[in-house]
Structures are given as C-alpha cells and as structure tokens.
Amino acid sequence: MTNETRITVEREIPLASQDLFDVLTNPNRHTELDSSGFVRSLVHGDRLEEVGQKFTMNMVGDHMGGEYQTDNFVSAYDENKMIGWKTAPAGVEPPGWEWLWELKSEGSDSTTASLTYDWSRVTDTNLLEKVGFPLISEDQLQESLGQLASAATPT
C-alpha cells in the first residue's frame, strides 16, 4: 500500500516471529535486509532492546554524494512484534523518516511481517528535494521482506 508519504508492504513468512525479530534487532545483520544497496556495514550499535537506543551505519548513495553514515534511533519496540527506527545523517537529529517492522504471529511457525517506510514527518523542503522521497520503491521493500525470510531461515 502506497500513499504520498508512506509505503507499507506485507508478506507471510513461514517462520516464528521470534526468529525474524532476532534478525531485525541485530544491527550487524541489517546489510542482509537491504534491497536498496545503500547499507554497507555497522559502525557501532548493540542488539536493539529498547526505544531510545542508537546505532550507526555506513551507507553509500548518490543522493548523499557517495559514502556517508546514518544514526538510527529506535522509535518502536515490542518484543517479537515490532521494531522501528528513525534515521538521520550522522550527528543530526532525525528529520522525519522512519522504518517500522511489524510481526504478527500466525502460529508457532508462521508470521505475517510488514515493513513501513514513512517520510510523513519530513518538513524540510530542501531535504525532500535532495533525497527525492520515496528513495526506496515498494518492490524494494517487498524484496527486503524476502531477504528477512532468507536471513532468518536456519542453515
């Protein structure tokens, strides 16, 4: 589902919600979820366990002139159900976009997972022009759900 300032995708994944949550709350594994090609590596950050935590990622993208870093602030946390973070260029307060992963258990071995990319709170018109929201497409978000399923599948 897409509107002018938010895209949400959903998919059923044949895994327990805690397996998916384990991947989502480990910033070291976020490169495995990225379908945009922007996320490169974790600079620093521990397992995500509460609202207010911060983790920093190495990124790359033409929209930012090449390599850059982001600070990500956990904005939603409900164990095995929801994790979200607001992203900002490193050293800057979040300017208004957020990633939200929601997990609805459908039994012991199935979860409906949704991913929302929300830029509704971005008010800086220069930033809106520079970044060109939405920077990530609905198809890329769907791909991220598939990548979550792969990342959480035991080998």
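Position 1 is the first residue of the sequence, and the numbers go up from there.
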Note to self: Measuring from atom OG1 of Thr87 to atom CE of Met59, what distance do you get when rounded to the nearest 0.5 angstrom?
What the structure shows: 7.0 Å

Note to self: With side-chain contact (heavy atoms from CB on, under 4.5 Å) as the criterion, how do Leu135 and Tyr117 come out once you've worked through the C-alpha distance, each side chain's angles and the decisive distance to 0.1 Å?
What the structure shows: CA-CA 10 Å; Leu135 192 57; Tyr117 170 42; 3.5 Å; yes

Margin query: Looking at every heavy atom in both Pro134 and Ile7, which two are closest together, and how far apart are they?
Written below: CB-CD1, 4.0 Å

Item checked: Within residues 98-122 or reaching into it, pairs that qualify as salt bridge (charged side-chain N to carboxylate O under 4.0 Å, His left out) - sequence neighbours excluded -> Arg6-Asp118, Glu98-Arg121

Item checked: Distance-only donor-acceptor check, side chains Ser120 and Thr5, under 3.5 Å -> no

Margin query: List the residues meeting ring pair (Phe, Tyr, Trp, His ring centres under 6.0 Å) with Phe73, not counting sequence neighbours, and say none if there are none.
Written below: none

Check: Any sub-3.5 Å donor-acceptor pair from Gln147's side-chain atoms to Glu32's backbone N or O?
Finding: yes

Notebook entry, point to check: Are Leu127 and Met64 connected in the hydrophobic side-chain network, where two residues link if heavy atoms are under 4.5 Å apart?
Noted result: yes

Check: Arg11 side chain to Ser114 main-chain N or O, any donor-acceptor pair under 3.5 Å?
Finding: no

Notebook entry, point to check: Rounded to the nearest 0.5 Å, what separation is found between the CG atom of Leu33 and the CG atom of Leu145?
Noted result: 9.5 Å

Item checked: Non-neighbouring partners of Ser144 that pass side chain to side chain donor-acceptor pair (under 3.5 Å), sequence neighbours left out -> Ser35

Note to self: Is there a side-chain contact between Tyr77 and Thr25 in this structure, where contact means two heavy atoms from C-beta onward sitting under 4.5 Å apart?
What the structure shows: yes

Margin query: Less than 4.5 Å apart, side chain to side chain, heavy atoms only: is that true for Leu24 and Leu103?
Written below: yes

Check: Roughly how far, to the nearest 0.5 Å, is the CD atom of Glu10 from the CD atom of Gln142?
Finding: 9.0 Å

Checklist line | Which residues share a side chain to side chain donor-acceptor pair (under 3.5 Å) with Asp22, sequence neighbours left out | finding: Arg47

Notebook entry, point to check: Taking side chain as C-beta onward, heavy atoms only, is Val74 less than 4.5 Å from Glu50?
Noted result: no

Notebook entry, point to check: Without hydrogens or angle criteria, can the side chains of Gln18 and Asn80 be said to hold a donor-acceptor pair below 3.5 Å?
Noted result: no

Notebook entry, point to check: Is it the case that Ser137 and Asp139 place a side-chain donor and acceptor less than 3.5 Å from each other?
Noted result: no

Notebook entry, point to check: Is a side-chain donor or acceptor of Asn72 paired with a backbone partner of Trp85 at a separation under 3.5 angstrom?
Noted result: no

Note to self: Using ring centroids (six-membered ring only for Trp), state whether Phe38 and Tyr68 fall under 6.0 Å.
What the structure shows: no

Margin query: Within the structure provided, determine whether Thr111 and Glu12 are in side-chain contact (heavy-atom separation under 4.5 Å).
Written below: no

Check: What are the two closest heavy atoms between Arg40 and Thr31, and how far apart are they?
Finding: O-CG2, 3.2 Å

Notebook entry, point to check: So, do Asn58 and Ser41 sit near enough that their side-chain heavy atoms are less than 4.5 Å apart?
Noted result: yes

Check: Are the side chains of Leu15 and Thr153 in touch, meaning some heavy atoms are under 4.5 Å apart?
Finding: yes

Notebook entry, point to check: Taking a hydrophobic cluster as the set of Ile, Leu, Val, Met, Phe, Trp and Tyr residues connected by side-chain heavy atoms closer than 4.5 Å, whether directly or through intermediates, do Leu128 and Ile136 fall within one such cluster?
Noted result: yes

Notebook entry, point to check: Does Gly65 offer a backbone N or O that forms a donor-acceptor pair with the side chain of Asp62 under 3.5 Å?
Noted result: no

Next item on the list: State the CD-CG distance between Gln53 and Leu48, to the nearest 0.5 angstrom.
Entry: 5.5 Å

Note to self: Centroid separation under 6.0 Å, is that true for the rings of Phe133 and Trp97?
What the structure shows: yes

Note to self: Show the nearest heavy-atom pair for residues Ile13 and Ala113, with the distance to one decimal.
What the structure shows: CD1-CB, 3.8 Å

Next item on the list: Tell me, please, which residues at least two apart from Ser105 pass side chain to side chain donor-acceptor pair (under 3.5 Å).
Entry: none

Notebook entry, point to check: If you measure from OG on Ser17 to CE on Met82, what distance do you get to the nearest 0.5 Å?
Noted result: 12.5 Å

Check: Hey, do the aromatic rings of His30 and Trp99 have their centres closer than 6.0 Å?
Finding: no

Note to self: To check you understand the geometry: which heavy-atom pair defines the closest contact between Asp34 and Val39, and what is its length?
What the structure shows: OD2-N, 3.0 Å

Note to self: Show every salt bridge (charged side-chain N to carboxylate O under 4.0 Å, His left out) that has at least one partner inside residues 63-91, sequence neighbours left out.
What the structure shows: Lys54-Asp71

Check: Can you name the closest pair of heavy atoms from Ala16 and Ser108 and give their distance?
Finding: CB-O, 3.3 Å

Item checked: Closest non-hydrogen atom pair, Leu42 against Pro27 -> CD1-CB, 3.6 Å

Next item on the list: Using the ring-ring contact (aromatic ring centres under 6.0 Å, His included) rule, take Phe21 and Trp101 through it: C-alpha gap first, then chi angles, then the decisive distance, then the call.
Entry: CA-CA 9 Å; Phe21 197 74; Trp101 297 82; over 10 Å; no

Checklist line | Nearest-0.5 Å distance that lies between atom CG in Asn28 and atom NE2 in His44 | finding: 12.5 Å

